[in-house]
Amino acid sequence: MQAPPPPAGDRRRRRLADQGRAYAFLLGGLICFALFSWYPAIRAVVIAFQRYTPGADPAWVGTANFTRVVQDPEFAAAWRNTLTFTLLALLIGFAIPFVLALVLNELRHARAFFRVVVYLPVMIPPVVSALLWKWFYDPGAGLANEALRFLHLPTSNWSNGADTALVSLVIVATWATMGGTVLIYLAALQSIPGELYEAAELDGASLLQRVRHVTIPQTRFVILMLMLLQIIATMQVFTEPFVITGGGPENATVTVLYLIYKYAFLYNDFGGACALSVMLLLLLGLFSAGYLRLTRTDGESA
């Protein structure tokens, strides 16, 4: 004989106990997010409207911090450099990982070895990577110019030239971060059914046609999401200009995040630093919302 179901009250208490244990496991993560992510963000928004100096009582100044930051001559240069860096990173650093993933996906031998080689730069600490490239770009005895001399080609100022510094930093950032992107693309490529490629080959499609009509449509969602994440990351570039160029030469590599650092730790102006941070937050938030809306609409219409 089947046992009768437990009373509704017992089921409710058991469900509440299960939910309580689940929330208890989540409590540690929630506390970490609250202390190290949510609270600093809310605090920064508050300080953006204050005259805040460590050791002194804060005073509300309204939008004065925003006005002062906008009038700073470095403000326009920082935004111009940041947007240029983002555009160059998309042109240089977005296609290369996708092409490398295509090549790795076609390999039949030593595939694991080349995956490790591609991912190795990601495992190097960012500051160490930037210091290595700073030596590499040295206009005197740096490896880059030594290689050019060996090939009897003209040398370059690399990160020491106002017209080449930003491109040099884009190369560093692309090299240091593309390993993770390549592996994500590789996973997406390997999830594409082989029957689609076989059908395209039977129809006489070339390699480029298969990439255009099969690979890209099948990995479209991954491409769009990685593009959004790359734009957000490159708009917050800091390590490369801080370690390699120090914002120079002639403010050619001063970025928004580097200017925030200067306001906070060089000028001791935390109100201005937070005001600039809020501007960057609003810009990235509005851009992300618009980007997701446009790509979702495009996907639904397709």
Side-chain angles (χ1 to χ4, degrees), residues 29 82-126 129 133 167 169-237 239-240 283-302:
T82 301
L83 294 174
T84 304
F85 184 94
T86 300
L87 178 61
L88 291 173
L90 287 176
L91 294 176
I92 298 174
F94 192 74
I96 292 177
F98 188 73
V99 173
L100 283 175
L102 289 174
V103 173
L104 288 177
N105 192 49
E106 296 298 324
L107 289 178
R108 293 296 177 265
H109 304 286
R111 181 183 295 182
F113 169 76
F114 285 108
R115 286 181 186 176
V116 173
V117 170
V118 170
Y119 193 74
L120 187 61
V122 181
M123 296 184 284
I124 301 175
S129 175
W133 278 90
V167 177
L169 297 187
V170 171
I171 294 173
V172 176
T174 300
W175 176 85
T177 60
M178 70 178 180
T181 307
V182 169
L183 292 186
I184 295 174
Y185 278 138
L186 192 58
L189 292 174
Q190 292 178 349
S191 66
I192 300 176
E195 294 82 1
L196 297 177
Y197 289 109
E198 293 175 1
E201 290 179 1
L202 290 175
D203 290 338
S206 64
L207 175 61
L208 291 179
Q209 288 175 330
R210 293 197 299 271
V211 171
R212 177 183 176 185
H213 296 290
V214 178
T215 304
I216 293 179
Q218 290 295 315
T219 58
R220 177 180 173 277
F221 175 76
V222 176
I223 292 174
L224 291 176
M225 289 307 302
L226 287 179
M227 181 178 290
L228 175 60
L229 294 177
Q230 180 172 342
I231 292 173
I232 293 174
T234 51
M235 285 290 292
Q236 301 178 73
V237 60
T239 303
E240 289 81 9
L283 176 65
L284 291 178
L286 292 174
F287 171 78
S288 300
Y291 181 92
L292 292 173
R293 183 176 180 83
L294 286 175
T295 54
R296 182 185 62 186
T297 303
D298 181 62
E300 291 175 351
S301 62

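Values reported hereafter were calculated over all heavy atoms of this structure, with side chains retained and with hydrogens, waters and symmetry mates removed. For reference, positions follow the sequence shown, starting with 1. Small disclaimer: the values here were computed from a predicted structure and weren't measured.
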From L189 atom CG to E106 atom CD, the distance as rounded to the nearest 0.5 Å: 9.0 Å
Which residues pass the side-chain contact (heavy atoms from CB on, under 4.5 Å) test with T177, not counting sequence neighbours? none
Ignoring hydrogens and angles, write down the donor-acceptor pairs under 3.5 Å from the side chains of residues 191-201, residues two or more places apart or on other chains.
residue	atom	partner	partner atom	Å
S191	OG	A188	O	2.6
Y197	OH	T215	OG1	2.7

Side-chain donor-acceptor contacts of residues 82-102 below 3.5 Å, not counting sequence neighbours, with atom names and distances?
residue	atom	partner	partner atom	Å
T82	OG1	A78	O	2.7
T82	OG1	V256	N	3.0
T84	OG1	R80	O	2.7
T86	OG1	T82	O	2.9
T86	OG1	T234	OG1	3.4

Flag side-chain contact, heavy atom, 4.5 Å: V237 against L169: no
How long is the straight-line distance from CG of L208 back to NE2 of H213, given to the nearest 0.5 Å? 10.0 Å
Minimum heavy-atom separation for L292 and L228, please, with both atom names. CD2-CD2, 3.8 Å
Please list, chain by chain and in numerical order, all residues satisfying side-chain contact (heavy atoms from CB on, under 4.5 Å) with A110, sequence neighbours excluded. F113, F114
Does a sphere of radius 6.0 Å around CZ in R212 hold more than 12 heavy atoms from other residues, nucleotides or ligands, not counting ones at 6.0 Å or beyond? no
Determine whether more than 12 heavy atoms belonging to other residues, nucleotides or ligands lie under 6.0 Å from atom CZ of F287. yes
Nearest 0.5 Å, what's the CD1-CD distance between I223 and Q230? 12.0 Å
Mind checking what makes side-chain contact (heavy atoms from CB on, under 4.5 Å) contact with Y119, not counting sequence neighbours? V122, M123, L183
Decide yes or no on side chain to side chain contact (heavy atoms under 4.5 Å, CB included) for M227 and Y291, but give the supporting numbers first. CA-CA 10 Å; M227 181 178 290; Y291 181 92; 3.6 Å; yes
Working to the nearest 0.5 Å, report the span between CG of D203 and CZ of R210. 11.5 Å
M235 vs L283, side chain to side chain contact (heavy atoms under 4.5 Å, CB included): CA-CA, chis, key distance, verdict: CA-CA 10 Å; M235 285 290 292; L283 176 65; 3.7 Å; yes
To check you understand the geometry: which heavy-atom pair defines the closest contact between N105 and Q190, and what is its length? OD1-CG, 3.4 Å
Would Y185 and L104 count as a side chain to side chain contact (heavy atoms under 4.5 Å, CB included) if you check the C-alpha gap in whole Å, the side-chain angles of each, and the deciding distance to 0.1 Å? CA-CA 10 Å; Y185 278 138; L104 288 177; over 6 Å; no
